[in-house]
2 protein chains.
Amino acid sequence: MATIETGDLRKAGLKVTQPRMRILELLETSSGKHLTAEDIYRELIQHHSDIGLATVYRVLTQFEAAGIVLKHNFESGQAVYEIDRGKHHDHMVDIDSGKVVEFTSAAIEKLQHEIAERHGYTIEDHSLVLYVRKKRK
Amino acid sequence: MATIETGDLRKAGLKVTQPRMRILELLETSSGKHLTAEDIYRELIQHHSDIGLATVYRVLTQFEAAGIVLKHNFESGQAVYEIDRGKHHDHMVDIDSGKVVEFTSAAIEKLQHEIAERHGYTIEDHSLVLYVRKKRK
DNA sequence: CTTCATGCAAATCTTTTGCAGGCGC
DNA sequence: GCGCCTGCAAAAGATTTGCATGAAG
């Protein structure tokens, strides 16, 4: 799996700056996690980076436009970000713990396309989130 | 299809008040549409109802808790509400026009449950939104 | 009457923007 | 050096809350 680096920033027309690299690093390290802008901000501050929350938002927005990160609006009112490793996946959110599990289903994707097709549309993107609870035995 | 009325408010432990009835009426009239709190507020103001935006939010929150309305967080940053007619359905949002089409797929639902099951979870709720574009012939 | 609801204004929370100074190339 | 970036503070947008008054049962 390709690690994202400076080249990806340049390709997106973004200068390679401290804040951007720091954020990128953090996102890579946290691959699989889903962080809010605030999470990232706090994390960076603790790691001796003097960075502004506004910059975190600005950088994340640029990264999203560049296809480097994915932004999700779960029901929390706060957007979460994760690095885009290319392999599309959907999410399952544990209502009680807040834990997020990723999954994929080619079968569901196929059905989605059939449905859109049937209505005369093409899917540009989609969002599937299951809100779940641990099954008690 | 049962029209929602005062009984449903009482059942939810809510007093039957002017604002609540007005909002309920509006939601019923707009069945199939997806309104923001602001939309509802403006609509009511224009129809000579002296109501506060805070009340609209409070009432919608209560209605959601009572299962009278559904709240959706599409990518717009503003939540939208629609009356809950009981028949579950998912949404397809036309990226260009903003139009929302509803659909259902028993096949997809079944797959969702199988996936959750496989991970040891039970689905409490789910959200599936397809962001689509009219197909050009 | 008693309680629950409401309107208004103020507070909160998240995200965005303006601006003056700095850093990357 | 020139222009893109950044931090900070202020602004903006959405939603919530405190409080005194008013309506529902």
Side-chain angles (χ1 to χ4, degrees), chain A residues 5-26 34-66 68-81 98, chain B residues 5-26 34-66 68-81 98:
Chain A
E5 10 88 14
T6 65
D8 298 85
L9 291 183
R10 293 227 171 69
K11 216 180 304 165
L14 299 172
K15 281 186 182 171
V16 178
T17 64
Q18 272 275 232
R20 288 185 182 138
M21 289 308 289
R22 293 285 182 131
I23 292 176
L24 204 41
E25 270 172 47
L26 177 53
H34 298 73
L35 308 172
T36 64
E38 196 84 38
D39 288 339
I40 294 172
Y41 173 65
R42 266 186 284 99
E43 195 73 20
L44 290 175
I45 288 295
Q46 291 186 340
H47 288 17
H48 13 322
S49 291
D50 187 12
I51 197 172
L53 178 56
T55 299
V56 175
Y57 275 107
R58 271 187 292 233
V59 169
L60 287 172
T61 303
Q62 294 159 344
F63 282 6
E64 191 195 3
I68 296 174
V69 304
L70 295 173
K71 177 182 182 180
H72 304 289
N73 293 288
F74 297 154
E75 310 267 291
S76 64
Q78 211 161 161
V80 297
Y81 299 83
Chain B
E5 9 88 13
T6 66
D8 297 84
L9 291 183
R10 292 227 171 70
K11 216 180 304 166
L14 299 172
K15 282 185 181 171
V16 177
T17 64
Q18 272 276 235
R20 287 185 183 138
M21 288 310 288
R22 292 288 181 128
I23 292 175
L24 204 41
E25 269 172 47
L26 177 53
H34 298 73
L35 307 171
T36 64
E38 195 83 40
D39 287 338
I40 294 172
Y41 172 66
R42 266 186 284 99
E43 194 74 19
L44 290 175
I45 288 297
Q46 290 185 343
H47 288 17
H48 14 321
S49 290
D50 188 11
I51 197 173
L53 178 55
T55 299
V56 175
Y57 276 106
R58 270 186 293 235
V59 170
L60 287 173
T61 302
Q62 294 160 344
F63 282 7
E64 191 196 2
I68 296 174
V69 304
L70 295 174
K71 176 182 182 179
H72 303 289
N73 293 287
F74 296 154
E75 310 266 292
S76 63
Q78 210 160 161
V80 296
Y81 299 83

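Numbered from 1 within each chain, the chains take letters A, B, ... in sequence-line order.
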Roughly, in whole Å, what's the span from CG in A/Asn73 to C1' in C/dT14? 12 Å
Rounded to whole Å, how long is the line connecting atom CD of B/Gln78 with atom P of C/dC13? 20 Å
Taking any heavy-atom pair under 4.0 Å as a contact, classify A/Leu53: base, sugar-phosphate, or nothing. base
Quick check on C/dT16: is either OP1 or OP2 less than 4.0 Å from any side-chain nitrogen or oxygen of A/Tyr57? no
Map A/Tyr81 and B/Asp50 onto DNA chain C by nearest heavy atom, then report which one ends up closer to the 5' terminus. B/Asp50
Length of the line joining A/Leu9:CG and C/dC25:C1', which is rounded to integer Å: 14 Å
Are the side chains of A/Leu9 and A/Thr17 in contact, using a 4.5 Å heavy-atom criterion? no
Please set out all donor-acceptor pairs under 3.5 angstrom arising from side-chain atoms of residues 53-63 of chain A, sequence neighbours excluded.
{"from": "A/Thr61", "atom 1": "OG1", "to": "A/Tyr57", "atom 2": "O", "distance (Å)": "2.8"}
{"from": "A/Gln62", "atom 1": "OE1", "to": "A/Arg20", "atom 2": "NE", "distance (Å)": "3.3"}
{"from": "A/Gln62", "atom 1": "OE1", "to": "A/Arg20", "atom 2": "NH2", "distance (Å)": "3.3"}

Hey, is the main chain of A/Gln46 close enough, under 3.5 Å, to the side chain of A/His48 for a donor-acceptor pair? yes
For A/Arg20 and C/dC25, what is the distance between atoms CZ and P respectively, to the nearest whole Å? 10 Å
Does the side chain of A/Gln18 come within less than 4.5 Å of A/Ile51's, by heavy atoms? no
Report which part of the nucleic acid B/Ala37 touches: base, sugar-phosphate, or nothing (heavy-atom distance under 4.0 Å, all strands). nothing
Starting at CG of B/Leu60 and ending at C1' of D/dT16, how long is that distance when rounded to a whole Å? 13 Å
Per-nucleotide protein contact string for nucleotides 19-25 of chain D (B base, S sugar-phosphate only, - none; heavy atom under 4.0 Å): -----BS
Whole angstrom value for the distance that separates P of D/dA12 from CD of B/Glu38: 16 Å
